[in-house]
Amino acid sequence: MEKLTIRKIDPASAIPYELLLLADETVDAINRYIFDSDIYLLNDGVQDIAVIALYQNSSTELEIKNMAVIESHRSQGIGGILMDKAKVIAKESGYTTLAVGTSDTGFQQIKFYEKNDFIKKGVRKNFFIENYPLPIYENGLQLCDMILLAHDLSE
């Protein structure tokens with residue numbers, strides 16, 4: 001694998017919407033959280049191949065609001081690298097919980113988070129119906145609820 005580097009982008013930098021849109025459906029949805037998030041880009045020496053946006057929910061909880069890897073670099077452990085980095089950032093910043101929400105039809109994403117020691121903590125009913133103007137489909141099913149997962153950083 002190429003030499004990978006991760007960097008936090010400066011708040012004055014251009015927002016990498018092209019990467020963020022791989023994990024969120026609309027710019028409007030991204031704009032609801034991105035200006036209050038820390039954005040990290042993973043670069044392979046040639047291009048930015050992945051993004052993760054971290055948002056402070058409280059003094060004890062950091063949330064992954066967006067995490068995406070470009071198609072050509074999927075299934076190569078890049079998501080795991082981003083997840084490990086998010087855990088380190090959260091722990092070093094004094095958070096006790098790293099949280100994430102994903103769609104009820106995102107079976108692959110739920111499996112990924114559970115593999116990374118996240119536990120299901122709740123459901124936001126009708127989240128995708130109430131927060132997106134058009135229906136969104138994944139795995140042939142309409143997104144409806146958001147599944148909330150959390151990782152305890154004190155372990």
Side-chain angles (χ1 to χ4, degrees), residues 1-58 61-90 92-93 95 97-116 118 121 123-124 126-139 141-151:
M1 189 175 286
E2 308 90 351
K3 168 108 172 74
L4 300 175
T5 57
I6 193 162
R7 73 185 188 286
K8 179 179 176 182
I9 68 167
D10 182 280
S13 297
I15 295 172
Y17 285 109
E18 68 284 350
L19 288 171
L20 295 164
L21 284 165
L22 296 173
D24 212 332
E25 297 298 315
T26 68
V27 170
D28 286 341
I30 292 167
N31 284 343
R32 289 186 201 134
Y33 59 81
I34 205 64
F35 300 109
D36 295 316
S37 299
D38 289 330
I39 306 167
Y40 295 84
L41 293 171
L42 188 66
N43 188 285
D44 68 358
V46 176
Q47 64 179 332
D48 292 327
I49 60 168
V51 65
I52 189 165
L54 302 174
Y55 177 87
Q56 180 180 346
N57 278 337
S58 70
E61 184 176 273
L62 190 66
E63 181 178 355
I64 299 169
K65 283 290 197 176
N66 189 307
M67 185 168 80
V69 179
I70 64 172
E71 184 75 38
S72 62
H73 284 68
R74 292 185 186 155
S75 301
Q76 297 177 30
I78 302 298
I81 291 168
L82 288 175
M83 184 59 63
D84 290 345
K85 181 66 174 177
K87 288 176 182 177
V88 167
I89 291 166
E92 287 179 351
S93 299
Y95 295 99
T97 304
L98 183 61
V100 69
T102 194
S103 74
D104 53 348
T105 62
F107 310 121
Q108 187 175 5
Q109 296 92 312
I110 293 169
K111 185 177 176 183
F112 169 79
Y113 291 120
E114 289 177 335
K115 184 178 124 188
N116 282 278
F118 281 71
K121 293 290 185 182
V123 176
R124 286 189 191 148
N126 297 317
F127 177 86
F128 293 97
I129 293 170
E130 294 170 356
N131 288 284
Y132 291 86
L134 299 173
I136 306 166
Y137 294 87
E138 183 176 24
N139 297 317
L141 301 168
Q142 183 177 351
L143 279 67
C144 181
D145 302 331
M146 178 183 282
I147 306 299
L148 306 172
L149 300 104
H151 172 71

Are Tyr95 and Gln56 side-chain neighbours, meaning at least one heavy-atom pair lies under 4.5 Å?
yes

Are the side chains of Leu4 and Ile78 in touch, meaning some heavy atoms are under 4.5 Å apart?
yes

Looking at side-chain heavy atoms only, is the closest gap between Ile89 and Tyr40 below 4.5 Å?
yes

Hey, what do you get for NZ (Lys121) to OG1 (Thr97), rounding to the nearest 0.5 Å?
8.0 Å

Counting neighbours of CD on Glu130 that are heavy atoms of other residues, nucleotides or ligands and sit closer than 6.0 Å, is the number greater than 12?
yes

From Ile52 CD1 over to Ile39 CD1, what is the distance, rounded to the nearest 0.5 angstrom?
11.5 Å

Please find the pair of heavy atoms, one from Gly106 and one from Asn139, that lie closest to each other, and give the distance.
CA-ND2, 4.4 Å

Are side-chain heavy atoms of Val51 and Leu42 found at a separation under 4.5 Å?
no

So Phe118 and Leu98, side-chain contact (heavy atoms from CB on, under 4.5 Å) or not? Walk me through it.
CA-CA 8 Å; Phe118 281 71; Leu98 183 61; 3.8 Å; yes

Electrostatic pair Asp48:Arg7 at N-O distance under 4.0 angstrom
yes

OH-OG1 distance between Tyr137 and Thr105, expressed to the nearest 0.5 angstrom
11.0 Å

Calculate, to the nearest 0.5 Å, the distance between atoms CD1 and CD1 belonging to Ile81 and Ile49 respectively.
7.5 Å

Min side-chain heavy-atom separation Leu143-Glu25 under 4.5 Å:
no

Say you draw a straight line from OG1 of Thr26 to CG of Asn31; how long is it, rounded to the nearest 0.5 Å?
8.5 Å

Might you work through the side-chain hydrogen bond (donor to acceptor under 3.5 Å, both in side chains) test for Tyr17 and Asp24, ending with a clear yes or no?
CA-CA 10 Å; Tyr17 285 109; Asp24 212 332; over 6 Å; no

Does a side-chain N-to-carboxylate-O contact under 4.0 Å join Glu71 and Arg74?
yes

Between CG of Leu20 and OH of Tyr33, what distance do you get to the nearest 0.5 Å?
5.5 Å

Tell me whether Tyr55 at atom OH has more than 12 heavy atoms from other residues, nucleotides or ligands lying less than 6.0 Å away.
no

